[in-house]
Amino acid sequence: MSITRRQFLGYTAGVVTAGLRGLPLDPTSRRYVLLDWNERGCFRESVSGYESALTSAGAQWMRADARWMSPSRCAVLIVPAALEIPPPVVRVIVSCLQAGAGVIFESGAGFATDREFRAHRVVLRDYLQVHIEEPVELWPENSSQRIPYVDYTWPRPAKVRDFSRVVPLGRQAGEVIAWVDDLPVALKRQSGRGRLIVLGSPLGPALWAGDAEARRWLLDVAGPTVL
């Protein structure tokens, strides 16, 4: 069956699991920064998911506008459900990586129009050297196949439900760290002095729904010994 974004969010809300008490992250002067899109370019549910997970973890985090934030104060930059990627966002991602921060870039292009997807793919290719493929519907119309899961292999195994479309990653430098069946949907690689993680399957809505595996995975990745 074909699933719209609205249906996807309804499904994620329906699979709320028992709350996971957050593991403490490193409360230093360098912060976990959640990029503020000012209502543009992302799913609000994804932003809310990251906010909830970071707050429950006791992390020192803040929302920041890409035009004004200081990369030197950023330990981990989270770019939630990105679709349109304007120049200030590109600049802050590159600056954070050069300053030694970790960057978690979550693509929201699975729900993009053809024109939006093409623009998204060009920016990733030209400025971040990230190559993505056409979105894939995990529940094709008239399909009775099992519920799809994203299988993360790093920094520890995790299995997170996904009811939406995913953006597979093309062949490129870096290590694939998550799969949906035979589709690579996340990777990590060193970039500048930092580490870039690209998610082709949105994690934020699962965090918003209280998915325990999604929250554990994020806290493991954002911990001071990983990024």
Side-chain angles (χ1 to χ4, degrees), residues 3 5 7-26 32 34 42-59 61 75-82 102-111 135-139 145-169 174-189 195-227:
I3 293 181
R5 178 190 167 208
Q7 289 171 319
F8 161 59
L9 295 171
Y11 282 129
T12 58
V15 294
V16 174
T17 61
L20 173 70
R21 294 188 62 85
L23 304 177
L25 301 183
D26 188 21
Y32 300 85
L34 185 63
C42 72
F43 304 156
R44 301 310 304 170
E45 297 83 1
S46 196
V47 175
S48 297
Y50 285 103
E51 289 177 343
S52 174
L54 291 171
T55 299
S56 69
W61 70 276
V76 178
L77 174 67
I78 300 174
V79 185
V103 174
I104 300 174
F105 180 93
E106 180 185 75
S107 174
F111 292 98
V136 173
E137 175 73 70
L138 295 186
W139 279 17
Q145 64 187 19
R146 59 184 171 77
I147 294 174
Y149 283 85
V150 179
D151 288 301
Y152 291 89
T153 58
W154 178 92
R156 68 175 190 85
K159 187 178 287 287
V160 178
R161 289 191 183 195
D162 193 319
F163 296 94
S164 68
R165 301 174 181 88
V166 296
V167 178
L169 301 171
E175 177 185 348
V176 174
I177 60 171
W179 302 80
V180 175
D181 294 328
D182 59 346
L183 296 175
V185 293
L187 68 79
K188 68 178 178 76
R189 71 164 176 238
R195 174 177 282 161
L196 174 64
I197 293 177
V198 179
L199 305 180
S201 172
L203 187 74
L207 297 170
W208 174 69
D211 187 295
E213 283 287 287
R215 191 163 290 191
R216 287 193 189 98
W217 186 86
L218 176 66
L219 300 187
D220 282 348
V221 169
T225 62
V226 177
L227 283 181

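Values reported hereafter were calculated over all heavy atoms of this structure, with side chains retained and with hydrogens, waters and symmetry mates removed.
In this structure, L196 CG and I104 CD1 are separated by 10.0 Å, a value rounded to the nearest 0.5 Å. The distance from atom CG of L203 to atom CD of E106, rounded to the nearest 0.5 Å, is 6.5 Å. Once rounded to the nearest 0.5 Å, the distance linking OG of S48 with CG of L207 reads 11.0 Å. Note that the CZ atom of F105 and the CG atom of L187 stand 11.5 Å from one another [nearest 0.5 Å]. If you take OG1 on T153 and NZ on K188, they are separated by 8.5 Å, rounding to the nearest 0.5 Å.
Taking 4.5 Å as the limit, some side-chain heavy atom of L138 sits within range of a side-chain heavy atom of V180.
When all heavy atoms of P168 and V136 are compared, the pair lying nearest together is CG-CG2, 3.7 Å. Listed here is the closest heavy atom pair of A214 and D211: N-OD1, 2.9 Å. Across every non-hydrogen atom of V221 and P155, the tightest pair is CG2-CD, 3.4 Å. Of all the heavy atoms in R215 and S52, the pair that sits closest is NH2-OG, 3.1 Å. Pairing each heavy atom of A206 with each of V160, the nearest pair is CB-CG1, 3.9 Å. Summarising the geometry of W217 relative to A158, their closest heavy-atom pair is CD1-CB, 4.1 Å, with the distance given to 0.1 Å.
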Can you list the steps and then say if L169 with V176 is a side chain to side chain contact (heavy atoms under 4.5 Å, CB included)?
-> CA-CA 9 Å; L169 301 171; V176 174; 5.9 Å; no

Could you walk me through whether W61 and T55 pass the side chain to side chain contact (heavy atoms under 4.5 Å, CB included) check?
-> CA-CA 8 Å; W61 70 276; T55 299; 3.1 Å; yes

Is there a side chain to side chain contact (heavy atoms under 4.5 Å, CB included) between I78 and L54 once you walk through the steps?
-> CA-CA 11 Å; I78 300 174; L54 291 171; 4.0 Å; yes

How far apart are the C-alpha atoms of V150 and L199, what are their side-chain angles, what is the distance that settles it, and do they pass the side chain to side chain contact (heavy atoms under 4.5 Å, CB included) test?
-> CA-CA 11 Å; V150 179; L199 305 180; over 6 Å; no

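Checking side-chain atoms of Y32 against main-chain N and O of A222 turns up a donor-acceptor pair under 3.5 Å. Formation of a donor-acceptor pair under 3.5 Å by the D181 side chain with backbone atoms of L183 is not found in this model.
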